[in-house]
Amino acid sequence: MLAAMTLTAASCAKHDFFDETTITGNVGPEAYWEIGSAAVSAGGEMEFTVQYYSSVSELDHSEVWYDIEETIDQTVTCPWTSTFSYSLSSNVKAQKRVSQKIKEYPHLAEYWSDSLHAFTFTGTFPVSGTLARFSWSHPEEFDSTKMVTYFGEGYMETFKEAVHTRMQYADYRKMYIGMGLMDDFTQYTDSTEDKNQGEGIYVYHFKQDADGNTLPWVTDSMELYWNKVTFEMLVENSANGYYDVDYNRSYSLNALMKVYDVRGVYSATQSKEIAIN
């Protein structure tokens with residue numbers, strides 16, 4: 001790619017291969033860079049190659065700057081329901097740190113390349129080891145402290161209420177029997193022939209009054225059992241041997257190179273987005 005950007009004339013004509021001049025009214029150096037990879041390990045070094053020159057002033061130094069973006073993915077699922085599937089997911093990406101200078105590089109005459117008609121050098125810049133990916137995914141043991149830390153205060157209560165408001169007869173039956181909260185669910189159960197579906201077809205439901213409303217004592221009983229259901233029980237995926245919570249945190253950089261002349265005028269290269277592993 002550097003070869004494609006080679007300057008084809010040694011004159012003072014302006015070859016505009018950089019992306020922006022950041023100080024309006026002054027002609028700054030021109031610069032172009034390539035990074036070694038689209039990803040880097042936390043605590044590692046990212047390699048780069050830069051080309052730059054100025055037709056109006058002596059060059060002074062260059063700097064790597066980058067900001068840090070944090071991405072958090074969360075998913076929590078209740079596997080106990082029958083008439084509906086409930087899974088709460090979110091993806092939040094936000095700037096964790098504004099752009100800052102990371103490393104400075106002196107300008108040296110020896111960087112001049114006759115073939116490129118520009119100065120060029122290869123260097124590296126560091127990436128903090130604190131920016132490593134983190135995951136708490138499908139744990140085999142539940143930890144309420146981690147739930148609060150990673151999902152926030154009140155999350156478990158809000159999730160439980162959201163499931164509760166959607167519950168129907170079949171959901172209560174599957175949940176309470178599956179969780180071992182009651183041995184005899186039939187005491188709350190009745191059936192009605194649904195002639196719309198055909199003779200002899202029965203629909204099961206909670207015991208009802210003459211108007212088709214669930215009997216109050218049945219409703220009260222369901223609430224008593226619901227109070228025994230904890231968030232931990234709601235997200236336990238016993239069939240797979242884990243809890244259905246998933247938290248992932250990752251970081252990325254938006255890095256660029258600034259090349260300064262002796263006047264303090266600089267130009268910036270194109271910003272490169274770099275994932276951190």
Side-chain angles (χ1 to χ4, degrees), residues 1-71 93-133 250-277:
M1 294 183 70
L2 288 174
M5 302 307 301
T6 300
L7 303 179
T8 58
S11 68
C12 293
K14 185 175 180 180
H15 303 277
D16 190 7
F17 57 78
F18 76 102
D19 294 273
E20 59 182 56
T21 300
T22 56
I23 300 181
T24 304
N26 293 283
V27 178
E30 300 198 39
Y32 169 84
W33 77 332
E34 286 295 333
I35 56 174
S37 173
V40 63
S41 298
E45 296 275 335
M46 172 59 74
E47 185 174 283
F48 66 85
T49 299
V50 61
Q51 294 180 28
Y52 62 94
Y53 83 103
S54 174
S55 59
V56 295
S57 180
E58 293 294 322
L59 295 159
D60 188 72
H61 72 281
S62 54
E63 301 171 351
V64 167
W65 288 60
Y66 62 65
D67 64 17
I68 298 172
E69 289 189 332
E70 179 184 69
T71 301
K93 187 172 184 178
Q95 189 176 62
K96 189 68 173 179
R97 194 183 73 187
V98 299
S99 186
Q100 297 179 10
K101 184 173 78 170
I102 304 303
K103 190 172 180 179
E104 184 173 318
Y105 310 84
H107 168 66
L108 301 177
E110 64 194 58
Y111 290 157
W112 177 256
S113 168
D114 286 330
S115 61
L116 296 177
H117 303 290
F119 297 95
T120 182
F121 72 92
T122 296
T124 64
F125 59 87
V127 177
S128 172
T130 64
L131 300 177
R133 290 176 176 268
S250 60
Y251 297 94
S252 62
L253 308 176
N254 293 299
L256 55 81
M257 172 76 76
K258 295 181 180 181
V259 179
Y260 288 78
D261 63 23
V262 294
R263 302 170 300 166
V265 177
Y266 72 86
S267 296
T269 63
Q270 181 184 32
S271 177
K272 303 287 188 178
E273 183 175 358
I274 305 168
I276 303 176
N277 298 322

**Prompt:** Counting only heavy atoms not in Lys103, do more than 12 sit closer than 6.0 Å to its NZ atom?
**Reply:** yes
**Message:** Can you see whether Glu34 engages Tyr32 through a side-chain donor-acceptor pair at a distance of less than 3.5 angstrom?
**Reply:** yes
**Request:** State the OG-NZ distance between Ser252 and Lys96, to the nearest 0.5 angstrom.
**Result:** 13.0 Å
**Message:** For a quick test of reading the model, state the closest non-hydrogen atom pair linking Trp33 to Thr269 and the distance between them.
**Reply:** NE1-OG1, 3.0 Å
**Asked** Ignoring hydrogens and geometry, is there a side-chain-to-backbone donor-acceptor pair from Ser41 to Gly44 under 3.5 Å?
**Response** no
**Message:** Looking at every non-hydrogen atom in both residues, tell me the closest pair between Val265 and Gly28 and how far apart they are.
**Reply:** CG1-CA, 3.7 Å
**Complete:** The reported gap from OG in Ser54 to CG in Asp60 (rounded to nearest 0.5 angstrom) is 11.5 Å
**Fill in**
side-chain contact (heavy atoms from CB on, under 4.5 Å) with Tyr251: of Ile274, Leu131, Asn277, Thr71, only one passes, and it is Leu131
**Message:** Are more than 12 heavy atoms, taken from residues, nucleotides or ligands other than Gln100, located less than 6.0 Å from that residue's CD atom?
**Reply:** yes
**Asked** For Trp112, which of Tyr53, Phe119, Phe121, Tyr52 qualifies under ring pair (Phe, Tyr, Trp, His ring centres under 6.0 Å)?
**Response** Phe119
**Asked** Are side-chain heavy atoms of Leu59 and Tyr111 found at a separation under 4.5 Å?
**Response** no
**Fill in**
So CD of Glu30 and OG of Ser55: to nearest 0.5 Å the spacing works out to 6.5 Å
**Asked** Looking only at heavy atoms, what is the nearest atom pair of Met46 and Ser37, with distance?
**Response** CE-O, 3.3 Å
**Asked** Has the side chain of Trp65 got a donor or acceptor atom that lies under 3.5 Å from a matching backbone atom of Asn254?
**Response** no
**Item:** Student check: side-chain heavy atoms of Gln51 and Thr120 closer than 4.5 Å
**Value:** yes
**Message:** I need the single residue from Glu47, Met257, Lys272 that forms a side-chain contact (heavy atoms from CB on, under 4.5 Å) with Ile35. Which is it?
**Reply:** Lys272
**Asked** Are the side chains of Ser62 and Val259 in touch, meaning some heavy atoms are under 4.5 Å apart?
**Response** yes
**Complete:** Between Val40 and Val127 the two heavy atoms that sit nearest each other are CG1-CG2, 3.8 Å
**Message:** If we ignore hydrogens and angles and just use 3.5 Å, is the side chain of Asp114 paired with the main-chain N or O of His117 as donor and acceptor?
**Reply:** no
**Request:** Indicate yes or no: at least one non-hydrogen side-chain atom of Asp67 is less than 4.5 angstrom from one of Val98.
**Result:** no
**Request:** Please confirm whether the backbone N or O of Leu256 pairs with a side-chain atom of Ser271, one donor and one acceptor, at under 3.5 Å?
**Result:** no
**Message:** What's the separation between atom NZ in Lys258 and atom NE2 in His61, rounded to the nearest 0.5 Å?
**Reply:** 9.5 Å
**Request:** Establish, yes or no, whether a centroid distance under 6.0 Å links the rings of Tyr105 and Phe48.
**Result:** yes
